[in-house]
Amino acid sequence: MKRSILSLMYLVQGMRKAGIDVDEKLQTIGLRIDALDATSIIHPSLEWDVLKVIGEDVAPEKGLFIGQHYALAGYGPLLMLLVTSSDIHTVLKQGIRFQQLTHLTGHLSLQVLDSKMALCYQPQDIQIELGLLLAQCEISGTYKFIRDLYKMMGLASPQVQIDLPFQAPQDPEQLAVYHDYYGTQVKFGAASACFWFDESVFDVKIPSADIITFRLYEAKCIAELERLMSDEDAPSLIQRVQDYLELQTGLMPSMAETAQALNVPERTLRHQLQQLNTSYKQIREDIIKDKALRLMEYKEYSIEMIAELLGYSEPAAFNHAFKRWFGQSPRKYTK
């Protein structure tokens with residue numbers, strides 16, 4: 001299943017705010033995070049390749065700070081679905097149902113024990129440093145999400161006991177940082193991350209509940225989930241290159257930058273594309289052609305703006321390329 005690009009965008013923004021110079025790393029693979037198309041989707045294998053680049057030499061403990069900068073704003077239909085739910089139990093069920101629409105790479109579940117219930121998060125892989133970094137980010141971000149969501153719904157934040165799936169820091173100062181954020185009741189060394197609430201929280205009614213709006217955004221979330229599931233197969237090399245070039249607007253990454261992002265030697269990438277009867281230049285040009293037509297169909301952009309969005313230094317160069325592709329000028333095409 002593909003994922004929304006928003007997850008990667010939030011991670012990069014969180015790294016920036018946590019003082020990590022992530023943009024220099026992104027430059028090595030030709031990725032400009034501020035130029036990403038926020039509506040685009042990314043295959044997990046490609047996302048992982050990018051994560052390996054930006055996560056290199058970042059201490060996993062930094063994830064505690066990175067996750068604190070995640071925000072509700074990008075969740076769109078899912079956020080509206082949650083805040084118009086009837087009660088907290090429904091919020092948790094819908095959050096688990098549509099977890100693929102969140103920033104999480106791990107897995108959410110619900111656990112009930114005695115008079116307590118927990119929203120549990122199982123990280124993807126904390127045996128490697130990058131997996132542990134992502135887990136720290138996503139657990140920290142989920143805790144912030146819970147508190148921000150309660151505030152947005154007009155409810156007082158409940159008491160939460162937190163279990164963390166990694167060992168407590170040996171440094172007392174570092175341990176105090178965790179206590180400051182999660183509270184002194186935090187427990188380390190658990191099998192998974194769990195946010196424990198009193199079971200009575202299940203039945204708390206949400207002031208902003210609205211069944212009509214809820215059904216509307218439920219349909220939107222289902223449609224978005226279907227879009228992400230549209231391509232379950234492992235992508236071919238051509239598809240991986242296409243997916244990477246589709247991510248951003250403006251100047252396209254070079255072949256060397258794309259090869260670096262895909263963790264493939266440039267010479268190997270060139271040779272394998274030749275074996276598939278295509279080339280990087282051809283794939284890039286096809287992507288630009290498709291984007292040009294999509295932008296022109298919106299009828300909201302001038303030719304000058306489209307040229308800029310496609311990475312052309314001046315409209316004349318775009319006009320020349322468009323006429324070569326389609327046999328007529330952009331202005332004539334739109335008439």
Side-chain angles (χ1 to χ4, degrees), residues 2 4-10 12-13 16 21-43 46-47 49-50 53-54 73-74 76 227 230-231 235-262 264 266 269-270 273-274 276-335:
K2 290 187 177 181
S4 168
I5 195 64
L6 283 171
S7 176
L8 182 61
M9 294 174 72
Y10 274 139
V12 170
Q13 290 170 5
R16 285 172 172 171
D21 188 6
V22 66
D23 292 283
E24 185 174 342
K25 295 181 177 182
L26 289 169
Q27 287 175 7
T28 66
I29 56 174
L31 196 61
R32 294 171 297 118
I33 208 72
D34 296 325
L36 289 181
D37 179 355
T39 65
S40 62
I41 55 180
I42 185 171
H43 195 280
L46 174 55
E47 184 178 27
D49 287 336
V50 176
V53 172
I54 65 177
R227 183 172 79 108
S230 62
D231 184 7
S236 65
L237 179 63
I238 292 176
Q239 187 64 55
R240 291 177 68 200
V241 173
Q242 290 172 334
D243 286 349
Y244 190 66
L245 297 182
E246 279 279 8
L247 292 180
Q248 56 187 326
T249 57
L251 187 64
M252 289 284 186
S254 67
M255 184 175 181
E257 292 167 335
T258 300
Q260 173 75 11
L262 301 182
V264 178
E266 183 180 356
L269 178 60
R270 180 183 294 106
L273 290 177
Q274 286 175 345
L276 294 168
N277 297 315
T278 188
S279 67
Y280 184 80
K281 180 180 179 181
Q282 183 62 55
I283 296 172
R284 183 170 60 179
E285 186 168 277
D286 288 344
I287 293 291
I288 294 173
K289 286 164 62 176
D290 289 343
K291 286 191 173 189
L293 292 179
R294 290 203 301 267
L295 289 168
M296 295 183 75
E297 286 170 2
Y298 289 146
K299 299 186 183 301
E300 295 179 4
Y301 301 105
S302 67
I303 301 301
E304 290 73 20
M305 290 177 63
I306 292 174
E308 183 178 350
L309 287 171
L310 294 176
Y312 287 90
S313 58
E314 54 185 33
F318 171 63
N319 289 338
H320 178 75
F322 193 93
K323 192 169 183 179
R324 175 167 54 84
W325 297 331
F326 304 110
Q328 56 185 320
S329 70
R331 298 191 189 281
K332 188 173 182 181
Y333 179 89
T334 56
K335 291 180 179 180

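Hydrogens, waters and symmetry mates are skipped; everything else that's a heavy atom, side chains included, is used. Keep in mind that this is a model prediction, so the values were computed, not measured.
Residues forming a ring-ring contact (aromatic ring centres under 6.0 Å, His included) with Tyr244 (at least two apart in sequence, or on another chain): none. Checked against side-chain hydrogen bond (donor to acceptor under 3.5 Å, both in side chains), Glu314 has no partners two or more places apart in sequence or in another chain. Annotation: side-chain hydrogen bond (donor to acceptor under 3.5 Å, both in side chains) contacts of Gln27 (sequence neighbours excluded): none. Partners of Tyr312 by ring-ring contact (aromatic ring centres under 6.0 Å, His included), not counting sequence neighbours, listed by chain and number: Phe318. Every residue two or more places apart in sequence or in another chain that forms a salt bridge (Lys or Arg N to Asp or Glu O under 4.0 Å) with Glu47 is listed here: Arg3. Qualifying side-chain hydrogen bond (donor to acceptor under 3.5 Å, both in side chains) partners for Glu246, counting only residues two or more places apart in sequence or in other chains: Arg294. Remark: Arg284 engages no residue in a salt bridge (Lys or Arg N to Asp or Glu O under 4.0 Å) (not counting sequence neighbours). In terms of the salt bridge (Lys or Arg N to Asp or Glu O under 4.0 Å) criterion, residue partners of Asp23 (sequence neighbours excluded) are, by chain and number, Arg16. Judged as a side chain to side chain contact (heavy atoms under 4.5 Å, CB included), and not counting sequence neighbours, the contacts of Tyr333 are Leu293, Met296, Phe322, Gln328. Residues meeting the side-chain hydrogen bond (donor to acceptor under 3.5 Å, both in side chains) test with Ser254, sequence neighbours left out: Glu257.
With contacts defined as side-chain heavy-atom distances shorter than 4.5 Å, the pair Pro253/Leu31 does not qualify. Considering only heavy atoms from C-beta on, Leu269 comes within 4.5 Å of Leu237 through its side chain. Under the 4.5 Å side-chain criterion, counting only non-hydrogen atoms from C-beta, Leu273 is in contact with Ile238.
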Requested in this report: Evaluate the criterion side-chain contact (heavy atoms from CB on, under 4.5 Å) for residue pair Met305 and Glu308; output intermediate values, then yes/no.
Outcome: CA-CA 5 Å; Met305 290 177 63; Glu308 183 178 350; 5.7 Å; no
Requested in this report: Applying side-chain contact (heavy atoms from CB on, under 4.5 Å), run through Leu8 and Ile54 and close with a yes or a no.
Outcome: CA-CA 10 Å; Leu8 182 61; Ile54 65 177; 4.0 Å; yes
Requested in this report: Test Leu295 against Leu310 for side-chain contact (heavy atoms from CB on, under 4.5 Å), laying out the working first.
Outcome: CA-CA 10 Å; Leu295 289 168; Leu310 294 176; 4.0 Å; yes
Requested in this report: Please assess His43 against Arg240 for the test side-chain contact (heavy atoms from CB on, under 4.5 Å), listing each intermediate value before the final yes or no.
Outcome: CA-CA 8 Å; His43 195 280; Arg240 291 177 68 200; over 6 Å; no
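A distance of 12.0 Å separates OG1 in Thr258 from CG in Asp243, rounded to the nearest 0.5 Å. Here the straight-line distance linking atom CE of Met252 with atom OH of Tyr280 works out to 8.0 Å at 0.5 Å rounding. From Leu276, atom CG reaches atom CD of Gln282 across 13.5 Å, with rounding to the nearest 0.5 Å.
The closest donor-acceptor contact from the side chain of Thr28 to the backbone of Lys25 lies under 3.5 Å.
Listed here is the closest heavy atom pair of Ala261 and Asp49: O-CB, 2.9 Å. Nearest approach of Ala307 to Pro315, heavy atoms of both residues: CB-CA, 3.9 Å.
Residue pairs meeting the salt bridge (charged side-chain N to carboxylate O under 4.0 Å, His left out) criterion with at least one member in residues 319-334, sequence neighbours excluded, are Glu285-Arg324, Glu304-Arg331.
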